[in-house]
Amino acid sequence: LYPRRLLTDTATQLRIATAFIPTALLGLVFYKLIKTYLLGSIGVVLLALLIGGVLVIIIERYFVSAPTVKQVPLNLLTLRKSALLGVLQCLAFIPGVSRSATTIFGGMFLGLSRKDAVEFSFFLAVPTMGAATALDILKNYQTFTTDNLDFLAVGFITSFVTALLVVKWLARFVATHDFTWFGIYRIAISLFGFYLI
């Protein structure tokens with residue numbers, strides 16, 4: 001269902017492409033900064049987990065009490081809002097920030113139902129993660145050995161097959177359950193991490 005829709009629904013493809021453009025541009029601009037100062041910083045990860053966990057709980061409480069917003073289907077989301085979701089996704093450049101939660105909540109604030117926001121997040125992950133992997137390989141290809149490439153190929157195939165098997169169930173689950181426990185989990189992991197260091 002999802003692969004077929006992603007390959008045949010031109011309206012959805014346009015919105016995914018529009019959202020991907022700002023992510024790609026900002027990723028290229030800030031690639032060196034991210035690799036040098038953000039990736040590998042345990043403090044940044046733990047702080048992002050803590051702040052993100054608190055925000056997840058606050059946002060979920062907001063949606064419980066907020067007045068119903070007029071919702072639009074994914075294939076009718078404006079291109080301006082699609083681009084804005086791409087910008088919001090860039091928050092996940094910070095290690096510890098959840099790309100999925102950022103795009104799902106962003107989509108809900110912009111008028112998507114939780115179900116459509118979840119689907120948008122899954123669809124947008126395809127070009128985003130593919131491009132991020134390709135860029136990292138191009139930037140660091142000289143450090144790869146044959147063994148590295150074998151592991152990369154096995155990891156890619158395993159992840160792809162696993163995703164195909166669970167994505168429909170996971171999308172349905174996330175679309176019908178809130179993220180409160182996810183927020184609590186993030187806070188607990190963060191506090192435990194700060195305790196260890």
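Counting begins at 1 with the first residue of the sequence.
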Inset, instruction - Go through the steps for Leu46 and Leu191 under the test side chain to side chain contact (heavy atoms under 4.5 Å, CB included), then give the verdict. - result: CA-CA 8 Å; Leu46 293 177; Leu191 294 177; over 6 Å; no
Does [X] use its side chain to pair, donor to acceptor, with the backbone of [Y] at less than 3.5 Å?
| X | Y | value |
| --- | --- | --- |
| Gln71 | Gly111 | no |
| Ser121 | Ala117 | no |
| Thr23 | Gly86 | yes |
| Thr158 | Val154 | yes |
| Thr103 | Ser100 | yes |

Using 0.5 Å steps for rounding, measure from the [atom1] atom of [X] to the [atom2] atom of [Y].
| X | Y | atom1 | atom2 | answer |
| --- | --- | --- | --- | --- |
| Phe182 | Glu60 | CZ | CD | 11.0 Å |
| Ile16 | Leu124 | CD1 | CG | 5.5 Å |
| Tyr31 | Leu39 | OH | CG | 8.5 Å |
| Leu77 | Asp116 | CG | CG | 9.0 Å |

Inset, instruction - For this output row, return yes or no: ring centroids of Tyr62 and Phe109 closer than 6.0 angstrom. - result: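 Ring-ring flag for Tyr62/Phe109: true, centres closer than 6.0 Å.
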Inset, instruction - Verify side chain to side chain contact (heavy atoms under 4.5 Å, CB included) between Ile34 and Ile94, making sure each step is shown before the conclusion. - result: CA-CA 8 Å; Ile34 295 166; Ile94 304 170; over 6 Å; no
Would you kindly confirm whether [X] and [Y] end up in one hydrophobic cluster when ILVMFWY residues are joined by side chain heavy atoms under 4.5 Å apart?
| X | Y | result |
| --- | --- | --- |
| Val72 | Leu79 | no |
| Val29 | Leu91 | yes |
| Phe173 | Met108 | yes |
| Phe30 | Val44 | yes |
| Val87 | Phe93 | no |

For [X] and [Y], does a side-chain donor sit closer than 3.5 Å to a side-chain acceptor?
| X | Y | value |
| --- | --- | --- |
| Thr128 | Gln89 | yes |
| Ser82 | Thr18 | no |
| Thr180 | Arg61 | yes |

Inset, instruction - For a side-chain contact (heavy atoms from CB on, under 4.5 Å) with Cys90, tell me which candidate from Leu25, Leu26, Val97 qualifies. - result: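 Among Leu25, Leu26, Val97, the one meeting side-chain contact (heavy atoms from CB on, under 4.5 Å) with Cys90 is Leu26.
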Inset, instruction - Mind listing the closest non-hydrogen atom pair of Ala83 and Pro22 along with its distance? - result: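 The pair with the smallest heavy-atom distance is O-CG, 3.4 Å.
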Legend entry - Exercise: identify the closest heavy-atom pair between Arg186 and Ser98: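 Reported closest heavy-atom pair: NH1-CB, 3.8 Å.
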Legend entry - Short N-O contact, Arg15 and Glu119, less than 4.0 angstrom: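 No, Arg15 and Glu119 are not salt-bridged.
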Inset, instruction - Determine, step by step, whether Ile187 and Ile184 satisfy the side chain to side chain contact (heavy atoms under 4.5 Å, CB included) criterion, reporting the C-alpha distance in whole Å, the side-chain angles of both residues, the deciding distance to 0.1 Å, and the verdict. - result: CA-CA 5 Å; Ile187 293 170; Ile184 294 171; 5.7 Å; no
Legend entry - For Ala24, all residues meeting side-chain contact (heavy atoms from CB on, under 4.5 Å), sequence neighbours excluded: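 Counting only residues at least two positions away or on another chain, Ala24 forms a side-chain contact (heavy atoms from CB on, under 4.5 Å) with Phe20.
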Legend entry - Residues that Arg99 engages under salt bridge (Lys or Arg N to Asp or Glu O under 4.0 Å), provided they are two or more places apart: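 If we apply the salt bridge (Lys or Arg N to Asp or Glu O under 4.0 Å) test to Arg99, skipping adjacent residues, there are no hits.
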For a quick test of your reading: what N or O donor-acceptor pairs under 3.5 Å do the side chains of residues 48-59 make, sequence neighbours left out?
none

Inset, instruction - Please check if atom OH in Tyr185 has more than 12 non-hydrogen atoms from other residues, nucleotides or ligands closer than 6.0 Å. - result: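 Counting neighbours around OH of Tyr185, 12 or fewer heavy atoms of other residues, nucleotides or ligands fall under 6.0 Å, so no.
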Inset, instruction - Carefully, step by step, assess Phe123 and Leu74 under the rule side chain to side chain contact (heavy atoms under 4.5 Å, CB included). - result: CA-CA 11 Å; Phe123 290 151; Leu74 172 55; 4.0 Å; yes
